Amino acid sequence: MLIRSICVLIPAVFILINPALAEKSPESPYVGEKVCASCHQEQSRQWKGSHHEMAMQPANKETVLGDFSNASLTHDGVTSNFFKQADKYVVNTVGPDGELHDYKIKYTFGVDPLQQYLVEFPGGRLQALDIAWDNRTKEQGGQRWFHLNPDEHIPAGDVLHWTGPNLNWNYMCAECHSTNLKKNYDSASKSYDTTWSEINVSCEACHGAGENHVSWANSKDKSAKNKSHINKGLVTEFNERKGVSWSINTESGLPLRSEPRNTSAEIETCAVCHSRRSQISENDQIGESYSDAFQTALLHNGLYHADGQIDDEVYVYGSFLQSKMNKTGVTCSDCHNPHTAALRAPGEQVCYQCHKADVYASSSHHHHQQGLAGSSCIECHMPAKTYMEVDPRHDHGFRIPRPDLSVKLNTPNACNNCHSKQTPLWASSKMESWYGHQPLGYQKFATALNSQQRQLPGARLLISSLATDTEQPEIARATAISYLGQYREAETVRQLQQALQSHEPMIRLAALDALSSFDIRERVQLAFPLLSDKTRSVRIQAARLLVSVPAGDLPEQQKEILQKAMDEYVEVQLFNAERPESQVNLGSFYSELGRIEEAESSYRRAIELQDQFVPAYVNLAQLLSEQKKENEAIKLLMAGLKKVSG
């Protein structure tokens, strides 16, 4: 629904007297879009009207797209009504108590192909309605209210109810729809004081705070000696494409980058929002390592198919990391205009920037009639899956269609998306007849991941081979490495040792995950050096693995290293203290330290936050049992069973 991209500022002379400066808080280094626009007028013009500008807006007659003229929608026996009171937009729908109430719309959320609406609740919470406005044209089936979960019964009190934690804007959505977002959750009062510099995704959401850049623009001394003016005062400079060109290799006919891409700053900035990931700290410093604030989900079953195609709503980054495009140096802004977020060229033309049209647009390549979906680069190599009922998202793995894998592994394929009445075997036979062989493409990890997911004979060897295959995408290798803990052999230890020394945080993290099934001596031997890793996500995972190390047996220096990493682990869990998962993590952490009262408190807090969260009941019951409180443990489990079963 929202496409986040990269803005590339160009050198300009700043207007010294700028009234927009007065709008910036003196405590904040964020200057605001108006200040940026005073020099970068063309970039601002392009940004106006983009999905970024309209990511979140106050609800008013200019921004609200839905029908609030006494319209209604009935779903699961409940009729919700949409109307106006003076200049306020109101919905009458079921609240957290199961009764109908009037709720004023505070903000709009997104714009195309659907628009959601945010309602303000006590404690600084904003909640996203699970009824949205379909902003497509009537011809496309739009201009209507619809439910985001039309086939599900989600009663009040359920975590998926619109008033519940999983539709809470502060935790689930805010980071990616506003600039300089500070969640500011207070555990004691269970409330938020969430703030932002700008309500939408503005210039500084990508480039970072602009104060130093403004200072650079105003300064007469722009020499490199002025340390505050490094990168023109910007937190980071997106120069992956600076001076770079693409050409066609005359021998192979393939695209060739004029020089290798040696940084991922642009891609990682996009990945902050365009990835399935968990957030472990405030994204305070735009330009810092992505892995210092986020952990990317790997290619696990339920999120991705075994061949890496998108399954659940995983956005773009995890798919792009699998692609040959990423391997050869393509960046987001090679294809997307960095300010409008639209494609740099319409439709297939964006592909022909690098791929020769006379080769790839010809029927000798795609074997379809021109104008049909089968002749489309995007339909064949970026098949879409629809999320939120009306929002098709394209897979960014840029893979060759593999109906042969559909036959063997039951994975989807682009051919049968169109030829739905035919079988994958038919499509596979067609491919072989066209090309004289079965095209395999770049990604060759499907059989290994499928074998592991299904626990098939030979999975160990396949996973081990993928883990060390440096020709395959690192996210696929990391997924394989994360499974190695199930195979505790001498060869596994050697592979994990090697993975823990990788330059890629994703690989090191996966190796630490695998180590969780090893005994404490092996964990200490392999994981202790990573307590001082340069990447936060790696340090905290190492700390979690080593929490049960008897600190008294360690030299003073190592004791300090361990304590510092453990403190950082606790800090990360407290950052997400409103989530029961984090409270259970803390409970387990304190339990291993022998801090029983704190462990029990964390588990009980998890239950208070979400009384249907099973791990909290199980872990607390186990803790009580270990304290010889068997009756209390049984009562707790019975109460939990009643809550979960409804």
Side-chain angles (χ1 to χ4, degrees), residues 2-26 28-58 60 62-63 108 110-112 176-181 196-222 226 228-244 265-266 269-270 272-273 286-287 331-346 350 353:
L2 168 65
I3 302 174
R4 183 187 177 108
S5 67
I6 301 306
C7 308
V8 183
L9 290 177
I10 58 174
V13 178
F14 187 72
I15 302 170
L16 289 176
I17 302 174
N18 192 320
L21 280 173
E23 297 185 6
K24 183 180 78 69
S25 165
S28 173
Y30 284 76
V31 299
E33 188 272 335
K34 290 182 180 179
V35 172
C36 300
S38 64
C39 289
H40 304 286
Q41 296 174 12
E42 176 56 23
Q43 286 78 11
S44 176
R45 184 193 66 78
Q46 293 181 27
W47 174 79
K48 296 287 187 183
S50 70
H51 283 201
H52 284 161
E53 191 207 6
M54 296 183 285
M56 181 171 168
Q57 303 174 96
N60 56 49
E62 283 79 29
T63 62
T108 66
V111 64
D112 181 65
C176 290
H177 280 250
S178 299
T179 301
N180 185 30
L181 195 288
W196 57 72
S197 293
E198 292 182 274
I199 193 172
N200 50 19
V201 180
S202 190
C203 312
E204 292 165 292
C206 299
H207 288 284
E211 183 177 56
N212 285 339
H213 181 60
V214 170
S215 174
W216 168 85
N218 280 328
S219 176
K220 294 179 180 179
D221 175 18
K222 293 184 172 62
N226 189 334
S228 67
H229 291 166
I230 295 173
N231 290 336
K232 302 169 188 168
L234 294 168
V235 175
T236 188
E237 187 175 13
F238 300 117
N239 56 8
E240 288 94 327
R241 299 176 68 242
K242 188 175 182 179
V244 171
E266 177 187 308
T269 299
C270 294
V272 166
C273 292
I286 305 296
T331 68
C332 308
S333 61
D334 278 315
C335 300
H336 293 276
N337 181 303
H339 299 102
T340 66
L343 290 174
R344 284 190 172 274
V350 73
Q353 292 180 123

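Bear in mind the structure is a predicted one, so any value in this text is a computation, not a measurement.
Listed here is the closest heavy atom pair of N180 and S28: ND2-OG, 4.3 Å. Residues V31 and C36 approach most closely at CG2-SG, 4.3 Å, considering heavy atoms. When all heavy atoms of H52 and A341 are compared, the pair lying nearest together is CE1-CB, 4.4 Å.
Here I199 pairs with M56, P58, Y107, W196 under the side chain to side chain contact (heavy atoms under 4.5 Å, CB included) rule; sequence neighbours left out. Residues satisfying the side chain to side chain contact (heavy atoms under 4.5 Å, CB included) criterion with E198, sequence neighbours excluded, are E33, T179, N200, S202, E204. By the side-chain hydrogen bond (donor to acceptor under 3.5 Å, both in side chains) test, R344 is found to be paired with no residue, residues two or more places apart in sequence or in another chain being considered. The side-chain hydrogen bond (donor to acceptor under 3.5 Å, both in side chains) test applied to N239 returns no partner, not counting sequence neighbours. Here E237 pairs with K232 under the salt bridge (charged side-chain N to carboxylate O under 4.0 Å, His left out) rule; sequence neighbours left out. S50 meets the side-chain hydrogen bond (donor to acceptor under 3.5 Å, both in side chains) test with no other residue; sequence neighbours excluded. Among residues two or more places apart in sequence or in another chain, the side-chain hydrogen bond (donor to acceptor under 3.5 Å, both in side chains) test is passed with Q46 by E42, N337.
Put simply, NE2 on H339 and CD on Q43 are 4.5 Å apart, with the number rounded to the nearest 0.5 Å. M54 CE to W47 CH2: the interatomic distance, rounded to the nearest 0.5 Å, is 10.0 Å. The structure places NE2 of H213 at 5.0 Å from CG of L234, a figure rounded to the nearest 0.5 Å.
E240 contributes a side-chain N or O that, together with a main-chain N or O of E266, makes up a donor-acceptor pair within less than 3.5 Å. Judged purely by atom type and a 3.5 angstrom limit, W216 has no side-chain atom pairing as donor or acceptor with the backbone of N231. Here the side chain of T269 pairs a donor or acceptor atom with the backbone of A265 at under 3.5 angstrom.
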(Q) Could you walk me through whether D334 and R241 satisfy the side-chain contact (heavy atoms from CB on, under 4.5 Å) test, starting with their C-alpha distance in whole Å, then the side-chain angles of each, then the deciding distance to 0.1 Å, before giving a yes or no? (A) CA-CA 8 Å; D334 278 315; R241 299 176 68 242; 2.8 Å; yes
Q | Criterion side-chain contact (heavy atoms from CB on, under 4.5 Å) on V111 and H51, from CA distance to verdict | A | CA-CA 7 Å; V111 64; H51 283 201; 3.9 Å; yes
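Judged purely by distance below 3.5 Å, without hydrogens or angles, the side chains of S215 and N212 never pair a donor atom with an acceptor atom.
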